[in-house]
Amino acid sequence: MARKHILHMITPLKHMSPFDVNMALDAGFDAVVPYVGVGLDEVTGLVQDAIFSRPPDAGADTGIFIAGKDVSLALDMFDAAKKSMVPPFQVSVFADPAGSFTTAAAMVAKVEKALAKKFERTLKDTRITIFGATGVVGFCTAVIAAKEGAKVTIVGHDGAERVKKVAAEMKRRFGVEVAAEDGSSEAKKTALAETAEVILTAAKAGVQVISQAHLKAAGKLLIAADVNAVPPAGVEGLGVHANGDPIDGSGAVGIGPLAIGNVKYKVESGLFKRMIEADKTVAYDFQDAFSLAREFAK
Ligand SMILES: NC(=O)c1ccc[n+]([C@@H]2O[C@H](COP(=O)([O-])OP(=O)(O)OC[C@H]3O[C@@H](n4cnc5c(N)ncnc54)[C@H](OP(=O)(O)O)[C@@H]3O)[C@@H](O)[C@H]2O)c1
């Protein structure tokens with residue numbers, strides 16, 4: 001009898017994401033089991049409980065998924081899970097807190113593709129300004145873009161203080177240099193828009209961050225991309241299905257949340273499927289998500 005594919009889904013939060021539960025089952029796992037309110041210090045115990053219950057050759061049929069809403073904590077849990085293996089007893093691990101790794105990967109891959117197709121440019125040295133970078137999606141987007149050599153600025157909607165701390169954490173953990181700026185007034189957002197070649201909005205659902213007035217001031221803007229699918233759009237005039245289409249009232253092109261979501265969906269589902277199909281154990285984080293997103297982005 002074929003061995004069952006089991007996914008243990010760990011979150012520090014009160015609930016496991018129903019989105020991720022559905023995605024995992026639809027990708028083909030036979031059983032998914034949520035563990036909620038899990039502390040970092042509990043990861044080793046849970047992983048070792050899982051690895052020793054099945055013979056070593058079943059390791060690749062057993063997975064750990066790490067959720068939550070904090071990139072650094074999820075990566076700490078990911079590292080703790082990987083360090084908990086006792087070869088030959090080991091299992092696969094995939095981290096995607098609040099869908100942020102796969103969503104950020106999809107957004108950056110779509111922007112990269114549009115830069116190449118429309119402007120014959122790469123991410124390297126492109127000035128990318130990110131709104132909502134204290135959130136998980138914005139944080140991860142900034143790290144992926146900066147690792148590709150983009151000149152990234154993260155913007156705080158309530159001043160520069162918190163984004164400066166976020167930039168310091170990005171430098172400490174990932175070795176990337178990211179600028180941090182205050183976007184707490186219309187005038188400050190306008191000044192930031194004036195220098196941006198790419199604007200990425202990853203703000204709270206239903207919040208408009210960039211208005212037509214900001215777009216008019218954005219004379220160097222090539223691309224604006226938005227992940228918020230809940231009206232109003234994060235960028236005024238940017239359609240949810242936009243896929244490199246001109247943005248009303250701007251010379252730039254737009255990439256909307258459903259165009260990004262389409263790639264995000266394929267990447268998350270694709271990584272779950274790869275876990276299921278792998279002959280040997282695998283470990284996937286945002287870099288693996290970005291590699292796969294590049295294959296899907298059109
Ligand atoms: N298209 C897709 O496939 C997809 C997938 C997943 C998520 N999403 C969307 O991606 C977005 C980001 O998700 P997330 O989980 O990172 O969200 P989040 O944790 O709610 O954070 C969003 C960011 O928005 C900021 N923010 C809050 N109010 C704001 C305001 N009035 N003006 C400007 N910024 C504001 C937050 O700042 P604070 O730190 O002050 O809270 C934070 O930096 C959401 O819109 C979500 O729905 C899309």
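Start at 1 and go down the list; that is how both ligands and their atoms are numbered. Worth saying up front: this structure is predicted, and the values here are computed from it rather than measured. Heads up: numbering here begins at 1 and tracks the sequence.
Evaluation of the salt bridge (charged side-chain N to carboxylate O under 4.0 Å, His left out) rule for K220 yields no partner, not counting sequence neighbours.
Using a 4.0 Å cut-off between charged nitrogen and carboxylate oxygen, K117 and E112 do not count as a salt-bridge pair.
A donor-acceptor contact shorter than 3.5 Å is absent between the side chain of S269 and the backbone of K266.
Sorted by first and then second residue, the side-chain hydrogen bond (donor to acceptor under 3.5 Å, both in side chains) pairs involving residues 278-288 (not counting sequence neighbours) form an empty list.
In this model, no donor atom of one side chain and acceptor atom of the other lie less than 3.5 Å apart for R127 and T153.
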Side-chain polar contacts of residues 78-88 - donor-acceptor pairs under 3.5 angstrom, sequence neighbours left out - could you list them?
{"unit_1": "S84", "atom_1": "OG", "unit_2": "T44", "atom_2": "OG1", "d": "3.3"}
{"unit_1": "S84", "atom_1": "OG", "unit_2": "A80", "atom_2": "O", "d": "2.6"}

Once you restrict both partners to nitrogen or oxygen, which atoms of ligand 1 have a protein partner under 3.5 Å, and how far apart are they?
{"unit_1": "ligand 1", "atom_1": "1 (N)", "unit_2": "V227", "atom_2": "O", "d": "3.1"}
{"unit_1": "ligand 1", "atom_1": "1 (N)", "unit_2": "P257", "atom_2": "O", "d": "3.3"}
{"unit_1": "ligand 1", "atom_1": "15 (O)", "unit_2": "K69", "atom_2": "NZ", "d": "2.5"}
{"unit_1": "ligand 1", "atom_1": "16 (O)", "unit_2": "V136", "atom_2": "N", "d": "3.1"}
{"unit_1": "ligand 1", "atom_1": "16 (O)", "unit_2": "V137", "atom_2": "N", "d": "3.0"}
{"unit_1": "ligand 1", "atom_1": "19 (O)", "unit_2": "K69", "atom_2": "NZ", "d": "2.9"}
{"unit_1": "ligand 1", "atom_1": "24 (O)", "unit_2": "K204", "atom_2": "N", "d": "2.9"}
{"unit_1": "ligand 1", "atom_1": "37 (O)", "unit_2": "T134", "atom_2": "OG1", "d": "3.2"}
{"unit_1": "ligand 1", "atom_1": "37 (O)", "unit_2": "H157", "atom_2": "NE2", "d": "3.1"}
{"unit_1": "ligand 1", "atom_1": "39 (O)", "unit_2": "T134", "atom_2": "OG1", "d": "2.6"}
{"unit_1": "ligand 1", "atom_1": "39 (O)", "unit_2": "R162", "atom_2": "NH2", "d": "2.5"}
{"unit_1": "ligand 1", "atom_1": "40 (O)", "unit_2": "H157", "atom_2": "NE2", "d": "2.7"}
{"unit_1": "ligand 1", "atom_1": "40 (O)", "unit_2": "R162", "atom_2": "NH1", "d": "3.2"}
{"unit_1": "ligand 1", "atom_1": "40 (O)", "unit_2": "R162", "atom_2": "NH2", "d": "3.4"}
{"unit_1": "ligand 1", "atom_1": "43 (O)", "unit_2": "G132", "atom_2": "O", "d": "3.2"}
{"unit_1": "ligand 1", "atom_1": "43 (O)", "unit_2": "T134", "atom_2": "N", "d": "3.3"}
{"unit_1": "ligand 1", "atom_1": "43 (O)", "unit_2": "T134", "atom_2": "OG1", "d": "2.5"}
{"unit_1": "ligand 1", "atom_1": "43 (O)", "unit_2": "G135", "atom_2": "N", "d": "3.0"}
{"unit_1": "ligand 1", "atom_1": "45 (O)", "unit_2": "A203", "atom_2": "O", "d": "2.8"}
{"unit_1": "ligand 1", "atom_1": "45 (O)", "unit_2": "A205", "atom_2": "N", "d": "3.2"}

